[in-house]
Amino acid sequence: MRKYQQLALLLISCFSVGVLMMYKSENNRLKYVLKYVNFFGRNDAAVLRRIQNSTTAEDEERQSKWVFTKPLPVWQVIGDSFYAYSAYWKQKELVVGGEAHVIVVGKKGAVVDFRCSFDVGGRSVQGKFRFQRDAAEGVVDDKASTFTNYNFFCQVSRNFGQPKYVSFSDATSPIKRQVKLHLRHLKPAKTAAQATTATAAAAVPAGATLTEVPVRFPATICVDLVSFDVGSRFARNVDAMVQFFLFHQALGVQHFLVYNYDELPEQVVRLLERTKMHLYSLPFNFPFLQTNGTAARIRQLLQTDCLLRNVNYASFTMLLTPNELVYPNARFAGNLGKSSLQRQLRAYDSETVRFELSTFAVCFDERKKLLIDNVHYDPELRSKVLLYRLELPAAQLLLPTAKGVELPLSSGFAHRYVECQQVGADGLHDWRTGVREELMEHITQLRNEVDLLI
(Lines give C-alpha, C1' and ligand atoms only; values in the text may rest on other atoms or scores of the structure.)
Protein backbone atom coordinates (compact mmCIF):
# COMPACT_ATOMS: atom_id res chain seq x y z
CA MET A 1 0.00 0.00 0.00
CA ARG A 2 2.85 2.39 0.84
CA LYS A 3 4.40 1.72 -2.55
CA TYR A 4 1.22 2.84 -4.31
CA GLN A 5 1.06 5.99 -2.18
CA GLN A 6 4.68 6.84 -2.99
CA LEU A 7 4.03 6.26 -6.70
CA ALA A 8 0.96 8.51 -6.62
CA LEU A 9 2.94 11.17 -4.75
CA LEU A 10 5.71 10.97 -7.37
CA LEU A 11 3.22 11.33 -10.23
CA ILE A 12 1.55 14.31 -8.55
CA SER A 13 4.95 15.93 -8.00
CA CYS A 14 5.95 15.44 -11.62
CA PHE A 15 2.62 16.83 -12.81
CA SER A 16 2.99 19.84 -10.52
CA VAL A 17 6.51 20.53 -11.78
CA GLY A 18 5.27 20.27 -15.37
CA VAL A 19 2.45 22.70 -14.72
CA LEU A 20 4.87 25.07 -12.96
CA MET A 21 7.28 25.00 -15.90
CA MET A 22 4.43 25.60 -18.34
CA TYR A 23 3.19 28.64 -16.37
CA LYS A 24 6.75 29.93 -16.10
CA SER A 25 7.16 29.72 -19.88
CA GLU A 26 3.85 31.48 -20.48
CA ASN A 27 4.80 34.14 -17.94
CA ASN A 28 8.09 34.82 -19.74
CA ARG A 29 6.27 35.15 -23.04
CA LEU A 30 3.77 37.54 -21.47
CA LYS A 31 6.58 39.69 -20.06
CA TYR A 32 8.19 39.80 -23.50
CA VAL A 33 4.96 41.12 -24.99
CA LEU A 34 4.37 43.60 -22.16
CA LYS A 35 7.90 44.90 -22.60
CA TYR A 36 6.80 46.49 -25.89
CA VAL A 37 3.13 47.12 -25.20
CA ASN A 38 3.45 48.05 -21.51
CA PHE A 39 -0.28 48.34 -21.31
CA PHE A 40 -0.57 48.12 -17.51
CA GLY A 41 2.36 50.34 -16.55
CA ARG A 42 1.89 53.35 -18.92
CA ASN A 43 -0.65 56.15 -19.27
CA ASP A 44 -3.02 55.44 -22.18
CA ALA A 45 -3.12 59.14 -23.09
CA ALA A 46 0.67 59.25 -23.43
CA VAL A 47 0.61 56.24 -25.76
CA LEU A 48 -2.18 57.68 -27.89
CA ARG A 49 -0.48 61.08 -28.02
CA ARG A 50 2.76 59.49 -29.20
CA ILE A 51 0.93 57.50 -31.87
CA GLN A 52 -0.94 60.61 -32.98
CA ASN A 53 2.25 62.69 -33.18
CA SER A 54 3.82 60.04 -35.36
CA THR A 55 0.76 59.94 -37.61
CA THR A 56 0.61 63.75 -37.80
CA ALA A 57 4.27 63.95 -38.81
CA GLU A 58 3.70 61.38 -41.54
CA ASP A 59 0.61 63.25 -42.76
CA GLU A 60 2.48 66.57 -42.85
CA GLU A 61 5.34 65.00 -44.79
CA ARG A 62 2.90 63.45 -47.24
CA GLN A 63 0.90 66.69 -47.63
CA SER A 64 4.05 68.75 -48.14
CA LYS A 65 4.74 66.79 -51.33
CA TRP A 66 1.56 67.96 -53.04
CA VAL A 67 0.60 71.17 -51.22
CA PHE A 68 1.59 73.30 -54.26
CA THR A 69 1.14 70.81 -57.11
CA LYS A 70 -2.38 69.38 -56.77
CA PRO A 71 -4.08 69.52 -59.15
CA LEU A 72 -1.11 69.59 -61.51
CA PRO A 73 -1.28 72.56 -63.93
CA VAL A 74 -0.93 71.87 -67.63
CA TRP A 75 -1.87 73.74 -70.80
CA GLN A 76 -4.95 72.14 -72.37
CA VAL A 77 -7.31 73.10 -75.20
CA ILE A 78 -10.62 74.64 -74.11
CA GLY A 79 -11.67 76.11 -77.48
CA ASP A 80 -10.67 76.48 -81.11
CA SER A 81 -8.06 79.14 -80.27
CA PHE A 82 -7.79 79.06 -76.47
CA TYR A 83 -5.74 77.14 -73.90
CA ALA A 84 -6.07 77.03 -70.10
CA TYR A 85 -3.23 76.42 -67.64
CA SER A 86 -4.65 76.41 -64.11
CA ALA A 87 -8.02 77.04 -62.45
CA TYR A 88 -8.64 78.39 -58.94
CA TRP A 89 -11.82 78.45 -56.86
CA LYS A 90 -12.44 81.28 -54.39
CA GLN A 91 -15.37 81.07 -51.99
CA LYS A 92 -16.78 84.51 -51.19
CA GLU A 93 -16.65 85.49 -47.53
CA LEU A 94 -19.13 88.34 -47.01
CA VAL A 95 -21.76 87.20 -49.52
CA VAL A 96 -22.91 83.84 -50.83
CA GLY A 97 -21.43 82.24 -53.91
CA GLY A 98 -17.95 81.99 -55.34
CA GLU A 99 -15.84 82.37 -58.44
CA ALA A 100 -13.41 80.36 -60.55
CA HIS A 101 -10.33 82.16 -61.86
CA VAL A 102 -8.63 80.53 -64.85
CA ILE A 103 -5.31 81.50 -66.50
CA VAL A 104 -5.82 81.41 -70.27
CA VAL A 105 -3.99 82.30 -73.48
CA GLY A 106 -5.71 82.72 -76.83
CA LYS A 107 -4.75 83.28 -80.41
CA LYS A 108 -4.34 86.97 -81.14
CA GLY A 109 -7.57 88.44 -82.49
CA ALA A 110 -9.72 85.41 -81.60
CA VAL A 111 -13.32 86.06 -80.49
CA VAL A 112 -13.99 85.30 -76.81
CA ASP A 113 -17.44 83.75 -76.35
CA PHE A 114 -17.74 80.97 -73.76
CA ARG A 115 -20.29 79.29 -71.53
CA CYS A 116 -19.25 77.88 -68.15
CA SER A 117 -20.59 75.59 -65.44
CA PHE A 118 -19.46 73.78 -62.30
CA ASP A 119 -19.45 70.12 -61.32
CA VAL A 120 -20.74 69.94 -57.72
CA GLY A 121 -21.18 66.44 -56.38
CA GLY A 122 -21.90 65.01 -59.81
CA ARG A 123 -24.49 67.63 -60.82
CA SER A 124 -23.94 70.56 -63.18
CA VAL A 125 -24.46 74.14 -61.93
CA GLN A 126 -24.58 76.90 -64.54
CA GLY A 127 -22.23 79.84 -63.97
CA LYS A 128 -21.88 83.38 -65.32
CA PHE A 129 -18.88 83.85 -67.63
CA ARG A 130 -16.73 86.96 -67.91
CA PHE A 131 -13.14 87.62 -68.95
CA GLN A 132 -10.35 90.18 -68.69
CA ARG A 133 -7.27 90.71 -70.75
CA ASP A 134 -4.17 90.58 -68.62
CA ALA A 135 -3.24 93.90 -67.05
CA ALA A 136 0.18 93.79 -68.74
CA GLU A 137 -1.34 93.61 -72.24
CA GLY A 138 -1.46 97.39 -72.54
CA VAL A 139 2.12 97.76 -71.31
CA VAL A 140 3.78 94.96 -73.27
CA ASP A 141 3.14 95.59 -76.97
CA ASP A 142 5.14 93.11 -79.00
CA LYS A 143 3.93 92.83 -82.57
CA ALA A 144 5.73 89.51 -82.98
CA SER A 145 3.46 87.87 -80.39
CA THR A 146 0.80 85.50 -81.71
CA PHE A 147 -1.16 85.15 -78.45
CA THR A 148 -2.98 87.22 -75.83
CA ASN A 149 -3.09 86.63 -72.07
CA TYR A 150 -6.52 86.36 -70.46
CA ASN A 151 -8.14 85.80 -67.10
CA PHE A 152 -11.38 83.83 -67.41
CA PHE A 153 -13.94 83.94 -64.59
CA CYS A 154 -16.98 81.75 -63.89
CA GLN A 155 -19.21 83.01 -61.10
CA VAL A 156 -22.17 81.67 -59.11
CA SER A 157 -24.28 83.74 -56.71
CA ARG A 158 -25.50 80.86 -54.53
CA ASN A 159 -23.80 78.29 -52.32
CA PHE A 160 -24.03 74.90 -54.00
CA GLY A 161 -21.13 73.32 -52.11
CA GLN A 162 -17.50 72.92 -53.05
CA PRO A 163 -17.12 72.39 -56.82
CA LYS A 164 -14.45 70.01 -58.08
CA TYR A 165 -14.42 71.04 -61.73
CA VAL A 166 -15.23 74.07 -63.85
CA SER A 167 -16.26 73.44 -67.46
CA PHE A 168 -15.99 75.75 -70.47
CA SER A 169 -17.69 75.51 -73.84
CA ASP A 170 -16.59 77.63 -76.82
CA ALA A 171 -19.73 79.09 -78.40
CA THR A 172 -17.82 79.99 -81.59
CA SER A 173 -16.71 76.40 -82.23
CA PRO A 174 -18.73 74.27 -84.69
CA ILE A 175 -18.16 71.30 -82.37
CA LYS A 176 -20.01 71.87 -79.09
CA ARG A 177 -18.17 70.22 -76.23
CA GLN A 178 -17.42 71.00 -72.61
CA VAL A 179 -13.85 70.87 -71.30
CA LYS A 180 -13.42 70.16 -67.59
CA LEU A 181 -10.69 71.86 -65.56
CA HIS A 182 -9.75 70.55 -62.13
CA LEU A 183 -10.12 73.36 -59.58
CA ARG A 184 -7.49 74.25 -56.98
CA HIS A 185 -9.25 75.74 -53.97
CA LEU A 186 -7.69 78.91 -52.62
CA LYS A 187 -6.87 78.28 -48.98
CA PRO A 188 -8.96 80.42 -46.58
CA ALA A 189 -6.89 82.80 -44.46
CA LYS A 190 -8.39 81.93 -41.05
CA THR A 191 -10.48 78.81 -41.40
CA ALA A 192 -7.42 76.58 -41.84
CA ALA A 193 -5.84 77.93 -38.67
CA GLN A 194 -9.01 77.45 -36.68
CA ALA A 195 -9.45 73.93 -37.97
CA THR A 196 -5.86 73.02 -37.17
CA THR A 197 -6.15 74.47 -33.67
CA ALA A 198 -9.45 72.74 -32.97
CA THR A 199 -8.20 69.37 -34.20
CA ALA A 200 -5.04 69.61 -32.15
CA ALA A 201 -6.88 70.77 -29.04
CA ALA A 202 -9.26 67.82 -29.17
CA ALA A 203 -6.36 65.38 -29.24
CA VAL A 204 -4.42 66.89 -26.34
CA PRO A 205 -5.20 65.32 -22.95
CA ALA A 206 -6.20 67.38 -19.91
CA GLY A 207 -3.33 69.27 -18.32
CA ALA A 208 -1.17 69.28 -21.45
CA THR A 209 -0.25 72.45 -23.34
CA LEU A 210 -1.14 73.02 -26.98
CA THR A 211 1.63 74.13 -29.33
CA GLU A 212 0.34 76.34 -32.14
CA VAL A 213 0.98 75.08 -35.64
CA PRO A 214 2.10 77.79 -38.10
CA VAL A 215 -0.44 78.23 -40.89
CA ARG A 216 1.85 79.89 -43.47
CA PHE A 217 5.37 79.28 -44.62
CA PRO A 218 7.62 82.32 -44.05
CA ALA A 219 8.41 82.58 -47.77
CA THR A 220 8.48 80.62 -51.00
CA ILE A 221 10.27 81.12 -54.32
CA CYS A 222 8.82 80.39 -57.75
CA VAL A 223 11.67 79.40 -60.06
CA ASP A 224 11.31 80.42 -63.70
CA LEU A 225 12.98 77.86 -65.97
CA VAL A 226 10.67 78.84 -68.84
CA SER A 227 12.30 82.15 -69.84
CA PHE A 228 15.68 81.22 -68.34
CA ASP A 229 18.43 80.54 -70.89
CA VAL A 230 19.23 76.89 -70.13
CA GLY A 231 22.11 77.01 -72.65
CA SER A 232 24.01 79.79 -70.88
CA ARG A 233 27.32 79.32 -69.05
CA PHE A 234 25.51 79.92 -65.77
CA ALA A 235 22.96 77.17 -66.46
CA ARG A 236 25.72 74.69 -67.37
CA ASN A 237 27.59 75.41 -64.11
CA VAL A 238 26.26 72.92 -61.54
CA ASP A 239 27.77 74.75 -58.55
CA ALA A 240 26.17 78.04 -59.58
CA MET A 241 22.74 76.42 -60.01
CA VAL A 242 22.98 74.69 -56.63
CA GLN A 243 24.05 77.92 -54.92
CA PHE A 244 20.84 79.61 -56.04
CA PHE A 245 18.89 77.19 -53.85
CA LEU A 246 21.38 77.03 -50.98
CA PHE A 247 21.68 80.81 -50.58
CA HIS A 248 17.93 81.22 -50.42
CA GLN A 249 17.61 78.27 -48.07
CA ALA A 250 20.10 80.03 -45.76
CA LEU A 251 17.70 83.00 -45.81
CA GLY A 252 14.90 80.78 -44.51
CA VAL A 253 13.21 79.67 -47.75
CA GLN A 254 12.51 75.93 -47.78
CA HIS A 255 9.90 75.65 -50.56
CA PHE A 256 10.69 76.16 -54.26
CA LEU A 257 8.05 75.91 -56.99
CA VAL A 258 9.94 75.10 -60.19
CA TYR A 259 8.18 75.85 -63.49
CA ASN A 260 9.48 73.65 -66.32
CA TYR A 261 11.12 71.40 -63.72
CA ASP A 262 12.43 68.98 -66.36
CA GLU A 263 14.98 71.62 -67.44
CA LEU A 264 16.68 71.36 -64.05
CA PRO A 265 19.89 69.29 -64.54
CA GLU A 266 19.76 65.83 -62.94
CA GLN A 267 23.03 66.42 -61.11
CA VAL A 268 21.55 69.52 -59.47
CA VAL A 269 18.43 67.60 -58.45
CA ARG A 270 20.50 64.80 -56.89
CA LEU A 271 22.54 67.29 -54.86
CA LEU A 272 19.45 69.13 -53.65
CA GLU A 273 17.79 65.87 -52.58
CA ARG A 274 20.37 65.66 -49.79
CA THR A 275 19.04 68.87 -48.26
CA LYS A 276 15.80 69.42 -46.34
CA MET A 277 14.33 71.82 -48.91
CA HIS A 278 11.17 71.00 -50.85
CA LEU A 279 11.11 71.17 -54.65
CA TYR A 280 7.75 71.16 -56.46
CA SER A 281 7.59 70.22 -60.13
CA LEU A 282 5.24 72.33 -62.26
CA PRO A 283 5.15 71.61 -66.02
CA PHE A 284 4.77 74.40 -68.57
CA ASN A 285 4.02 72.99 -72.02
CA PHE A 286 3.27 76.37 -73.57
CA PRO A 287 1.21 75.99 -76.79
CA PHE A 288 2.56 79.03 -78.68
CA LEU A 289 5.98 79.91 -80.07
CA GLN A 290 8.29 81.47 -77.45
CA THR A 291 10.67 84.22 -78.52
CA ASN A 292 12.59 87.02 -76.86
CA GLY A 293 9.67 89.29 -77.65
CA THR A 294 7.17 87.10 -75.81
CA ALA A 295 9.28 86.65 -72.65
CA ALA A 296 7.52 89.45 -70.75
CA ARG A 297 4.05 88.03 -71.50
CA ILE A 298 5.04 84.53 -70.45
CA ARG A 299 6.65 85.80 -67.28
CA GLN A 300 3.39 87.59 -66.45
CA LEU A 301 1.55 84.26 -66.76
CA LEU A 302 4.02 82.66 -64.37
CA GLN A 303 3.71 85.58 -61.95
CA THR A 304 -0.08 85.28 -61.87
CA ASP A 305 -0.01 81.55 -61.24
CA CYS A 306 2.73 81.95 -58.62
CA LEU A 307 0.70 84.48 -56.63
CA LEU A 308 -2.54 82.49 -56.79
CA ARG A 309 -0.77 79.24 -55.89
CA ASN A 310 0.85 80.76 -52.80
CA VAL A 311 -2.04 82.80 -51.38
CA ASN A 312 -2.49 81.93 -47.68
CA TYR A 313 0.20 79.23 -47.92
CA ALA A 314 3.12 81.66 -47.63
CA SER A 315 3.65 85.12 -46.17
CA PHE A 316 5.94 86.22 -49.02
CA THR A 317 6.85 84.95 -52.46
CA MET A 318 8.89 86.01 -55.49
CA LEU A 319 9.46 84.83 -59.04
CA LEU A 320 13.15 84.39 -59.85
CA THR A 321 15.32 82.83 -62.51
CA PRO A 322 18.26 80.75 -61.17
CA ASN A 323 20.75 83.55 -61.95
CA GLU A 324 18.91 85.96 -59.62
CA LEU A 325 19.80 86.00 -55.92
CA VAL A 326 18.32 88.27 -53.25
CA TYR A 327 20.32 89.56 -50.28
CA PRO A 328 17.96 91.19 -47.73
CA ASN A 329 19.29 92.54 -44.45
CA ALA A 330 17.47 89.83 -42.46
CA ARG A 331 16.22 86.27 -42.82
CA PHE A 332 12.72 84.92 -43.26
CA ALA A 333 11.80 83.42 -39.89
CA GLY A 334 8.87 81.21 -38.96
CA ASN A 335 8.57 82.67 -35.46
CA LEU A 336 8.28 86.31 -36.63
CA GLY A 337 11.11 87.41 -34.36
CA LYS A 338 12.10 91.05 -34.07
CA SER A 339 15.00 90.55 -36.46
CA SER A 340 12.97 88.68 -39.10
CA LEU A 341 12.41 90.22 -42.51
CA GLN A 342 8.63 89.85 -42.13
CA ARG A 343 8.66 91.95 -38.98
CA GLN A 344 10.78 94.66 -40.62
CA LEU A 345 8.48 94.97 -43.62
CA ARG A 346 5.50 95.46 -41.31
CA ALA A 347 6.69 99.07 -41.04
CA TYR A 348 4.93 99.53 -44.40
CA ASP A 349 1.12 99.67 -44.39
CA SER A 350 -0.82 96.49 -45.17
CA GLU A 351 -1.91 97.83 -48.59
CA THR A 352 1.70 97.59 -49.82
CA VAL A 353 2.04 94.26 -51.61
CA ARG A 354 5.11 94.74 -53.85
CA PHE A 355 8.62 95.49 -52.63
CA GLU A 356 11.14 96.31 -55.35
CA LEU A 357 14.77 95.42 -54.65
CA SER A 358 17.66 97.31 -56.22
CA THR A 359 19.16 94.88 -58.73
CA PHE A 360 22.79 94.75 -59.90
CA ALA A 361 23.77 93.08 -63.19
CA VAL A 362 26.85 91.31 -61.80
CA CYS A 363 29.44 89.82 -64.14
CA PHE A 364 29.53 86.04 -63.74
CA ASP A 365 33.01 84.52 -63.46
CA GLU A 366 33.15 80.71 -63.36
CA ARG A 367 36.53 80.84 -61.60
CA LYS A 368 34.95 82.25 -58.45
CA LYS A 369 33.99 79.58 -55.92
CA LEU A 370 30.84 81.35 -54.73
CA LEU A 371 28.49 83.65 -56.58
CA ILE A 372 28.77 86.36 -53.93
CA ASP A 373 32.51 86.59 -54.70
CA ASN A 374 31.67 88.22 -58.06
CA VAL A 375 31.98 91.92 -57.25
CA HIS A 376 31.82 93.84 -60.56
CA TYR A 377 28.57 94.93 -62.18
CA ASP A 378 27.51 96.83 -65.28
CA PRO A 379 25.45 99.90 -64.22
CA GLU A 380 23.92 100.25 -67.69
CA LEU A 381 22.14 96.87 -67.49
CA ARG A 382 18.95 97.41 -65.52
CA SER A 383 16.35 94.98 -64.20
CA LYS A 384 14.20 94.59 -61.10
CA VAL A 385 13.25 91.88 -58.62
CA LEU A 386 9.90 92.02 -56.84
CA LEU A 387 9.07 90.57 -53.42
CA TYR A 388 5.33 90.07 -52.88
CA ARG A 389 3.57 90.17 -49.52
CA LEU A 390 0.54 87.86 -49.59
CA GLU A 391 -1.73 89.38 -46.95
CA LEU A 392 -4.40 90.87 -49.22
CA PRO A 393 -6.99 88.79 -51.14
CA ALA A 394 -5.80 87.30 -54.42
CA ALA A 395 -7.92 89.65 -56.55
CA GLN A 396 -6.23 92.70 -55.03
CA LEU A 397 -2.73 91.25 -55.44
CA LEU A 398 -3.24 90.99 -59.20
CA LEU A 399 -4.53 94.52 -59.74
CA PRO A 400 -2.21 96.74 -61.83
CA THR A 401 -2.87 99.48 -59.27
CA ALA A 402 -1.64 97.34 -56.36
CA LYS A 403 0.58 99.44 -54.13
CA GLY A 404 4.35 98.95 -54.32
CA VAL A 405 7.43 100.53 -52.84
CA GLU A 406 11.14 100.55 -53.71
CA LEU A 407 13.19 99.35 -50.76
CA PRO A 408 16.31 101.32 -49.81
CA LEU A 409 19.69 99.68 -50.38
CA SER A 410 20.07 99.31 -46.61
CA SER A 411 17.09 96.91 -46.57
CA GLY A 412 18.58 94.64 -49.20
CA PHE A 413 19.25 94.20 -52.90
CA ALA A 414 19.41 91.56 -55.62
CA HIS A 415 22.06 90.26 -58.01
CA ARG A 416 21.38 89.14 -61.54
CA TYR A 417 24.42 87.26 -62.83
CA VAL A 418 25.12 87.97 -66.49
CA GLU A 419 27.90 87.57 -69.04
CA CYS A 420 29.63 90.95 -69.36
CA GLN A 421 30.84 90.69 -72.94
CA GLN A 422 30.01 94.22 -74.05
CA VAL A 423 30.56 96.67 -71.22
CA GLY A 424 29.06 100.15 -71.41
CA ALA A 425 31.06 103.36 -71.62
CA ASP A 426 30.78 103.85 -67.87
CA GLY A 427 32.78 100.67 -67.25
CA LEU A 428 32.31 98.20 -64.40
CA HIS A 429 31.63 99.20 -60.80
CA ASP A 430 32.07 97.40 -57.46
CA TRP A 431 28.66 96.71 -55.88
CA ARG A 432 30.18 96.61 -52.37
CA THR A 433 30.97 100.34 -52.34
CA GLY A 434 27.37 101.35 -51.58
CA VAL A 435 26.55 98.62 -49.05
CA ARG A 436 26.47 99.37 -45.33
CA GLU A 437 28.80 97.53 -42.99
CA GLU A 438 26.01 95.77 -41.07
CA LEU A 439 24.46 94.42 -44.27
CA MET A 440 27.87 93.34 -45.54
CA GLU A 441 28.48 91.41 -42.31
CA HIS A 442 25.13 89.66 -42.73
CA ILE A 443 26.00 88.72 -46.33
CA THR A 444 29.40 87.45 -45.24
CA GLN A 445 27.73 85.22 -42.66
CA LEU A 446 25.45 83.79 -45.36
CA ARG A 447 28.48 83.24 -47.58
CA ASN A 448 30.29 81.28 -44.88
CA GLU A 449 27.23 79.07 -44.27
CA VAL A 450 26.90 78.21 -47.96
CA ASP A 451 30.66 77.71 -48.27
CA LEU A 452 30.47 74.87 -45.74
CA LEU A 453 27.83 73.12 -47.88
CA ILE A 454 29.55 73.41 -51.28
Side-chain angles (χ1 to χ4, degrees), residues 70-92 97-138 140-158 160-186 226 259 282-291 294 296-305 307-309 394-395 398:
K70 295 294 184 181
L72 196 67
V74 63
W75 288 105
Q76 53 185 312
V77 179
I78 61 171
D80 282 353
S81 304
F82 295 88
Y83 302 82
Y85 182 61
S86 54
Y88 296 87
W89 167 258
K90 177 65 171 69
Q91 186 75 35
K92 294 183 179 179
E99 186 175 60
H101 182 173
V102 186
I103 299 174
V104 177
V105 293
K107 188 176 179 180
K108 205 167 186 177
V111 177
V112 183
D113 188 7
F114 281 83
R115 305 292 182 269
C116 67
S117 61
F118 292 97
D119 185 334
V120 183
R123 65 190 182 99
S124 179
V125 177
Q126 191 66 34
K128 182 180 179 180
F129 173 77
R130 66 184 180 91
F131 74 96
Q132 293 177 349
R133 286 181 174 84
D134 194 280
E137 287 292 323
V140 182
D141 186 16
D142 50 279
K143 296 181 180 180
S145 176
T146 58
F147 64 89
T148 301
N149 295 355
Y150 294 94
N151 292 300
F152 280 12
F153 299 93
C154 187
Q155 182 179 351
V156 289
S157 57
R158 295 175 58 189
F160 296 96
Q162 294 291 328
K164 188 175 182 181
Y165 300 96
V166 60
S167 299
F168 288 93
S169 175
D170 189 352
T172 64
S173 175
I175 302 176
K176 304 302 178 183
R177 65 188 182 98
Q178 287 191 335
V179 180
K180 282 186 176 183
L181 304 175
H182 203 151
L183 286 166
R184 175 178 170 85
H185 290 220
L186 291 181
V226 180
Y259 291 92
L282 299 173
F284 200 83
N285 55 323
F286 195 64
F288 290 95
L289 179 66
Q290 300 181 51
T291 64
T294 61
R297 291 177 183 268
I298 293 175
R299 189 169 177 86
Q300 185 60 38
L301 292 170
L302 296 174
Q303 184 70 78
T304 302
D305 185 78
L307 292 176
L308 291 173
R309 200 167 292 275
L398 298 172

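Keep in mind that what you see is a predicted model, and the values were worked out from it rather than measured.
With contacts defined as side-chain heavy-atom distances shorter than 4.5 Å, the pair P71/L181 does not qualify. Between T294 and L289 there is no side-chain heavy-atom pair separated by less than 4.5 Å. In this structure the side chain of V102 never reaches within 4.5 angstrom of the side chain of N151, judged on heavy atoms. Inter-residue side-chain proximity for K176 and D170 is flagged as unmet; no heavy-atom pair is nearer than 4.5 Å. With contacts defined as side-chain heavy-atom distances shorter than 4.5 Å, the pair Y150/R133 qualifies. Using a 4.5 Å heavy-atom threshold, the side chains of V156 and V125 count as touching. At least one side-chain heavy atom of W75 sits less than 4.5 Å from a side-chain heavy atom of V105. Side-chain contact between C116 and Q178 is absent, with no heavy atoms from C-beta onward closer than 4.5 Å.
For the residue pair K70 and R184, the shortest heavy atom distance occurs at O-NH1, 3.0 Å. Between P73 and P283 the shortest heavy-atom distance is O-CG, 3.2 Å.
In this structure, CD1 on I103 lies 4.5 Å from CG on D305, to the nearest 0.5 angstrom. Distance CD/Q76 to CG/N285: 9.5 Å, rounded to 0.5 Å. Here CG of N149 is found 4.0 Å from CG of L301. Values are rounded to the nearest 0.5 Å. From C154, atom SG reaches atom CH2 of W89 across 8.0 Å, with rounding to the nearest 0.5 Å.
Screening H182, K180, K164 for a side chain to side chain donor-acceptor pair (under 3.5 Å) with D119, the sole residue that qualifies is K180.
Partners of R115 according to the salt bridge (Lys or Arg N to Asp or Glu O under 4.0 Å) rule, which considers only residues two or more places apart in sequence or in another chain, are D113.
Ring centroid separation for the pair Y88 and H101 does not come in under the 6.0 Å cut-off. Between F152 and F129, the distance from one ring center to the other falls under 6.0 angstrom. Aromatic ring centroids of F288 and Y83 lie under 6.0 Å apart.
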For this session: Output, in order, the C-alpha distance, side-chain angles, deciding distance and verdict of side-chain contact (heavy atoms from CB on, under 4.5 Å) for L398 and L308.
Result: CA-CA 9 Å; L398 298 172; L308 291 173; 4.0 Å; yes
Problem set entry | side-chain contact (heavy atoms from CB on, under 4.5 Å) assessment of K108 paired with T146 | CA-CA 5 Å; K108 205 167 186 177; T146 58; 5.5 Å; no
For this session: Check the pair I298 / F284 against side-chain contact (heavy atoms from CB on, under 4.5 Å), numbers first and verdict last.
Result: CA-CA 10 Å; I298 293 175; F284 200 83; 3.9 Å; yes
Exercise. After noting the C-alpha distance and the side-chain angles of H185 and Q91, does the key distance pass the side-chain contact (heavy atoms from CB on, under 4.5 Å) rule?
Worked result: CA-CA 8 Å; H185 290 220; Q91 186 75 35; over 6 Å; no
Problem set entry | Stepwise ring pair (Phe, Tyr, Trp, His ring centres under 6.0 Å) test for F114 and F82 | CA-CA 10 Å; F114 281 83; F82 295 88; 5.3 Å; yes
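In this pair, Y85 and Y259 present their aromatic rings tilted. The plane angle is within the 30 to 60° band.
Ion pairing of K128 with E99 is absent here, as no side-chain N (NZ or NE/NH1/NH2) approaches a carboxylate O to less than 4.0 Å.
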